[in-house]
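Read the structure below first, then the notes.
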There are 2 protein chains.
Amino acid sequence: MAAQKRLNRDELVSTALAVVDAEGLEAVTIRRLAQHHEVTPMALYRHFPDKEGVLDAIAERLLSDVRCPEPDDRPWHEQMHDLMTAILDALMPHPNAATLLTLRILGCEPGLDLTERTLSLLFEAGMTREDAADTACQVLASLISLVVSEPGRAHGPDPDAQEEALRAKRALFLTLSPRRYPHLIASADALVSCASRDSYYRRGVLLLVTGLRGTVSLSAA
Amino acid sequence: MAAQKRLNRDELVSTALAVVDAEGLEAVTIRRLAQHHEVTPMALYRHFPDKEGVLDAIAERLLSDVRCPEPDDRPWHEQMHDLMTAILDALMPHPNAATLLTLRILGCEPGLDLTERTLSLLFEAGMTREDAADTACQVLASLISLVVSEPGRAHGPDPDAQEEALRAKRALFLTLSPRRYPHLIASADALVSCASRDSYYRRGVLLLVTGLRGTVSLSAA
DNA sequence: CTCGTATACCTACGACGTAGACGAAAGGCC
DNA sequence: GGCCTTTCGTCTACGTCGTAGGTATACGAG
């Protein structure tokens, strides 16, 4: 890839992210990253404490990609909708890496910012401290899981293997007993690879926002 | 642990699950499982195709622990509520293992059963095939993520290290700028370890069910 | 008793994360 | 320029991992 003598942390993270996107999380190894930069594996330890540190940095990169909308004076749920959409926009291109975020949001600055913003909207909606905390965690986690488990994702070394895996999955669905799994077979296509990414994510956000509005208003009553 | 000559697949899975629960996913190695059963590492390959196979089996075990309630003639959303609660009850004791489920639900029988049941309730609610498929994925993924990212979880080799990690996180929160993170600091306690597990999960289910009812009724209108 | 099959064992390989000591180069200060 | 300190990449080496390939044993059916 790049052949400079002086390593650069940001570029290391970029190639790490590229590897995750192309071949999955388990393809990220210290040795491979070093090879990409034509450098000894141990060189990376000048820039990261250990491999965990590399993964942490990938997570932070993803979170810092979120273009968090500024607060305005629209109702909280509209702002929440936009915030959630912004988060999804940042994560969607990196479904393999998104898994990393689940336990790392509160461990880096951009993650803290996002959480703060989410909490502030939930407070605005009238939630208590505890409810807001629990709910913020769930909302953020749900967004991540929406990306991670988007139907149609497969983890393989290369695109060929991934397509192959999809075909296999589809074939496997056809072998199921129609008596036992009628609904599953009816929705088979949509389950193995979602019909429209766009509507999948729009439904996801809608479900959460609707849930929030509903629970808030009934606890206010 | 057990010192029998004849290995037993179910018991292997049980000790694997025990290891995950106690020390996290990365502590599960072929060699350790073999050691627990006083056997050569290669012996395990008579019972699992490879390490992935072991993880698959753990996932399947978790899913088969779900005590799926029988269909009855209450409204769909009440049945959905109970189904979700049943799933959470099965996953809650194994937060470390729950991560495995995200990409494995559709890969084993108990997972298919659960998905079928979820789909059937969503159809009953009036959803289309595509909507039901997308929504079922999201609901199941959200339940899993609810468990995986329950506030207060830490991953360490032993309970001491985990408690230590919690203390560290709490301390880190106190160093945050109150100007920049007012809401986050206000909810700090609940974020680092949730006040009441019970209400955390109840809120989680409520949020989803409310969201479902809301989106269904508005698409019907 | 015999023989096929299932099971466990042994040996060995390559990839991984990373500790520790070392050398070279960059940058600040006179 | 000359020097010194800090930074950064290199080298060597260790222990652990997953697992391929071949071998030994024990059991059940004929």
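Proteins come first, then strands; the chains are lettered A, B, ... in the order of their sequence lines, and each starts at number 1.
The nearest whole Å value for the distance from the CG atom in L44(B) to the C1' atom in dA20(D) is 15 Å. Going from atom CD of E26(A) over to atom P of dG17(C) covers 12 Å, rounded to whole Å. Atom-to-atom, CZ of R32(A) to C1' of dG17(C) comes out at 16 Å; the value is rounded to the nearest Å.
The M42(B) side chain lies nearest to dA20(D) when the options are dA8(C), dA20(D), dG9(D). In the set dC9(C), dG18(D), dT18(C), the nucleotide with an atom closest to the side chain of I30(B) is dG18(D). Side-chain proximity of R46(A) to dC17(D), dA8(C), dC8(D): nearest is dC8(D). Nearest nucleotide to the side chain of D50(B), out of dT12(D), dA8(C), dT19(D): dT19(D). Candidate nucleotides dA8(C), dC16(C), dT18(C) were compared by shortest atom distance to the side chain of T29(A), and dC16(C) ranks first.
Applying the 3.5 Å distance criterion, the base of dG18(D) shares a donor-acceptor pair with the side chain of R31(B).
If you check every strand for non-hydrogen atoms under 4.0 Å, A43(A) touches a base.
Judged by distance alone, with hydrogens and angles left aside, the side-chain atoms of R129(B) form no donor-acceptor pair with the main-chain N or O of D189(A) at under 3.5 Å.
OP1 or OP2 of dG9(D) has not a single side-chain nitrogen or oxygen of H37(A) nearer than 4.0 Å. When the side-chain nitrogen and oxygen atoms of T40(B) are compared with OP1 and OP2 of dC10(C), one or more of them lie within a distance under 4.0 Å.
Ion pairing between R6(A) and E11(A) fails under the 4.0 Å rule for side-chain N and carboxylate O. Residues R167(A) and E164(A) are paired through a salt bridge, judged by an N-O separation under 4.0 Å between the basic side chain and the carboxylate. A salt bridge between R67(B) and D89(B) is absent, with no side-chain N of the basic residue lying under 4.0 Å from a carboxylate O of the acidic one.
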